[in-house]
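What you see below is based on every heavy atom in this structure, not just the backbone, and it leaves out hydrogens, waters and symmetry mates. Owing to the predicted nature of the structure, the values given are computational and were not obtained by experimental measurement.
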Amino acid sequence: MAEQLYDEVVDARPDDEGYHRGLGSRQIQMIAIGGAIGTGLFLGAGTAISKSGPSLILSYAVAGVAIFAIMRALGELLTYRPVAGSFAEYAREFLGPFAGYVTGWTYWLFWVVTGMAETTAAAVYVKFWAPEIPQWLCALCFLVLLYGANLISVKIFGEIEFWFSMVKVTAIIGMILIGIGVLTLGFSDAGDTASVTHLWKDGGFFPKGIGATVMTLQIVMFAYLGVELVGVTAGESENPKKTLPRAINTLPWRIALFYIGALVVILSLVPWTEFRPGVSPFVATFGKIGIPAAAGIINFVVLTAALSSCNSGMYSTGRMLRDLALRGQAPGRLTRLNTHRTPAAAITVSTLLMGIGVVLNYLVPAKAFEYITSVATVCGLWTWAMILICQIRYRRAWKGGHLPPPTFKAPGGVWSSWAALAFLAVVVVLIGLDPGNRISLYVFPIWAVLLVAGYRGLGRRAPEAVHAVAHDHLHAPDGDGADPR
């Protein structure tokens, strides 16, 4: 019975969307790792350290638990039904067409504005070595190269992400190993002062109070944005029901090593009082050790991180935009695949908009451009919340006997998802309390108005795209006495 109802749920759109399943386990693993490591760690951590001191380690650990709950909820959905539309498709199935419409366009916007910012950032990083090259020219070259790579095949995208991620991983592991050597053997310029006691002796573990530590949770969550990208690869993974759970299950050790481990070493080598906002803690630490090329090394790493983010943006926006088009919620021409079975039309439109961002950044003050990109943070929180809500609804349908049981169960079931939702709500409140980040809450209502207006217009032009309803079993109450786990 459950299998029959499952077929009814998905009959409107087959899971085989015409893509080539060309992403292997090796690439999926590195895409998952790369999604958890970005410029938020390499650059943004300096600001967070200056605001909270060593207790930032605790913030990353707490936020990491919430992220793992989100990713396990996503893993449950992905193994139930691995599709490229991912978050939007699940929102559409479990919450209705409007939720799918909002989630699809919001996640698309998230990566478009992120791509705008990261392409320009990459061009700025190049000026470190070649200041005479115009910034706009570098940005354009990066955009064209990544665009071409995304059109060729999904394998090329996977290989680029693999090596970008490898650079980031190598940099962090190298720093950790060097740091452990300094702490244990006492070599380098930092050998005489390096000590794990820096974690508590310079004002204590909470030098600015617990309140300051709580406020850094919003910065930490922004650093984790992009970790859900592995979900978009579901429609093009060679064996999604095997590779995706494996990638998600390695998330805790990735957070423990790349975030918590790196911060423990950094804050043991250099007192937290010496870090400054806007200065990479990796540059400061490498400089303290006495590595002469520290600035150049980290500049190269953040360049690859920016290009990796832009590359991911082209990939995910193309798939999300095509998914919307397949549902009649975006122009039909965007459903086209090229001979390599990549969504060329959707990638092209998204890339052109990213290019407009480069122009805007050249023409308008940086502050105005920050207002545009600030919406990305709330877009990410929306996507995470939709993942959790859809997992809760899927559990309800499964417990009611309407859908097959999950093969990759989230620990804690719906309770962990409810806890993660509460955590995301706290983060939104913290954003509202921070004058520097509050702008994102002002921008998002404008986006919401545009979405509602677009949806109403779509209803007049193409009623079939908005009049579909979620299946009745998705609105059924929980089974009597059913264990929600």
Under 3.5 Å side-chain donor-acceptor pair for [X] and [Y]:
X: Trp111; Y: Tyr107; value: yes
X: Gln135; Y: Thr120; value: no
X: Thr383; Y: Glu228; value: no
X: Trp447; Y: Thr106; value: yes
X: Thr213; Y: Ser52; value: no

Backbone N or O of [Y] within a donor-acceptor pair of the [X] side chain at under 3.5 Å?
X: Arg438; Y: Gly432; value: yes
X: Glu118; Y: Ser309; value: no
X: Ser195; Y: His198; value: no
X: Thr285; Y: Phe282; value: no
X: Ser308; Y: Thr304; value: no
X: Asn150; Y: Leu146; value: yes
X: Trp272; Y: Leu267; value: no
X: Arg72; Y: Lys409; value: yes
X: Tyr394; Y: Leu77; value: no
X: Ser416; Y: Pro411; value: yes

Quick one: are the ring centres of [X] and [Y] less than 6.0 Å apart?
X: Phe128; Y: Tyr125; value: no
X: Trp418; Y: Trp415; value: no
X: Tyr259; Y: Tyr224; value: yes

Write down the atom of [X], the atom of [Y], and the distance for their closest heavy-atom approach.
X: Ala45; Y: Leu56; value: O-CD2, 4.1 Å
X: Ala91; Y: Thr103; value: CB-OG1, 3.7 Å
X: Val428; Y: Leu381; value: CG2-CD1, 4.0 Å
X: Met314; Y: Ile347; value: O-CG1, 3.9 Å
X: Leu143; Y: Cys310; value: CD1-SG, 4.2 Å
X: Ser417; Y: Ala73; value: OG-CB, 4.0 Å

Side chains of [X] and [Y]: closer than 4.5 Å at any heavy-atom pair?
X: Tyr90; Y: Ile387; answer: no
X: Thr197; Y: Trp200; answer: yes
X: Phe275; Y: Thr47; answer: no
X: Glu274; Y: Pro271; answer: yes
X: Phe110; Y: Thr114; answer: yes
X: Leu229; Y: Ser316; answer: yes
X: Val227; Y: Met71; answer: yes
X: Arg276; Y: Ser50; answer: no

- [ ] Show your working on side chain to side chain contact (heavy atoms under 4.5 Å, CB included) between Ile176 and Leu257 and close with a plain yes or no.
- [x] CA-CA 9 Å; Ile176 291 175; Leu257 175 64; 3.8 Å; yes

- [ ] Under the side-chain hydrogen bond (donor to acceptor under 3.5 Å, both in side chains) rule, what do Ser59 and Thr216 come out as? Steps first, then yes or no, please.
- [x] CA-CA 7 Å; Ser59 294; Thr216 61; 2.9 Å; yes

Inter-residue atom distance [X].[atom1] - [Y].[atom2], 0.5 Å rounding:
X: Ile289; Y: Ile178; atom1: CD1; atom2: CD1; value: 6.0 Å
X: Phe222; Y: Ser440; atom1: CZ; atom2: OG; value: 5.5 Å
X: Arg254; Y: Phe68; atom1: CZ; atom2: CZ; value: 10.0 Å
X: Leu307; Y: Leu145; atom1: CG; atom2: CG; value: 9.0 Å
X: Leu74; Y: Ile67; atom1: CG; atom2: CD1; value: 11.0 Å
X: Leu199; Y: Ile266; atom1: CG; atom2: CD1; value: 11.5 Å

Task: Within 6.0 angstrom of Trp136 CH2, more than 12 heavy atoms from elsewhere - done: no

- [ ] Inspect the surroundings of NZ in Lys242 and state if more than 12 heavy atoms from other residues, nucleotides or ligands are less than 6.0 Å away.
- [x] no

- [ ] Check step by step if side chain to side chain contact (heavy atoms under 4.5 Å, CB included) holds for Met221 and Phe423.
- [x] CA-CA 10 Å; Met221 291 300 283; Phe423 182 82; 3.5 Å; yes

- [ ] Mind running side chain to side chain contact (heavy atoms under 4.5 Å, CB included) on Met320 and Phe87 for me, showing each step along the way?
- [x] CA-CA 9 Å; Met320 198 60 70; Phe87 329 115; 4.0 Å; yes

Open item on the list: Assess whether a salt bridge exists between Lys127 and Glu132, defined as any Lys/Arg side-chain N lying under 4.0 Å from an Asp/Glu carboxylate O.
Closed with: no

TODO: Return the orientation label for the Phe300 and Trp129 ring planes: parallel under 30°, perpendicular over 60°, tilted otherwise.
DONE: perpendicular

- [ ] Kindly assign one of parallel, tilted or perpendicular to the pair Trp382 and Phe444, based on the angle between their ring planes and the thresholds 30° and 60°.
- [x] tilted

TODO: For a side chain to side chain contact (heavy atoms under 4.5 Å, CB included) with Tyr315, tell me which candidate from Thr342, Ile160, Thr233 qualifies.
DONE: Thr233

- [ ] Test Ile356 against Leu353 for side chain to side chain contact (heavy atoms under 4.5 Å, CB included), laying out the working first.
- [x] CA-CA 5 Å; Ile356 292 174; Leu353 288 173; 3.8 Å; yes

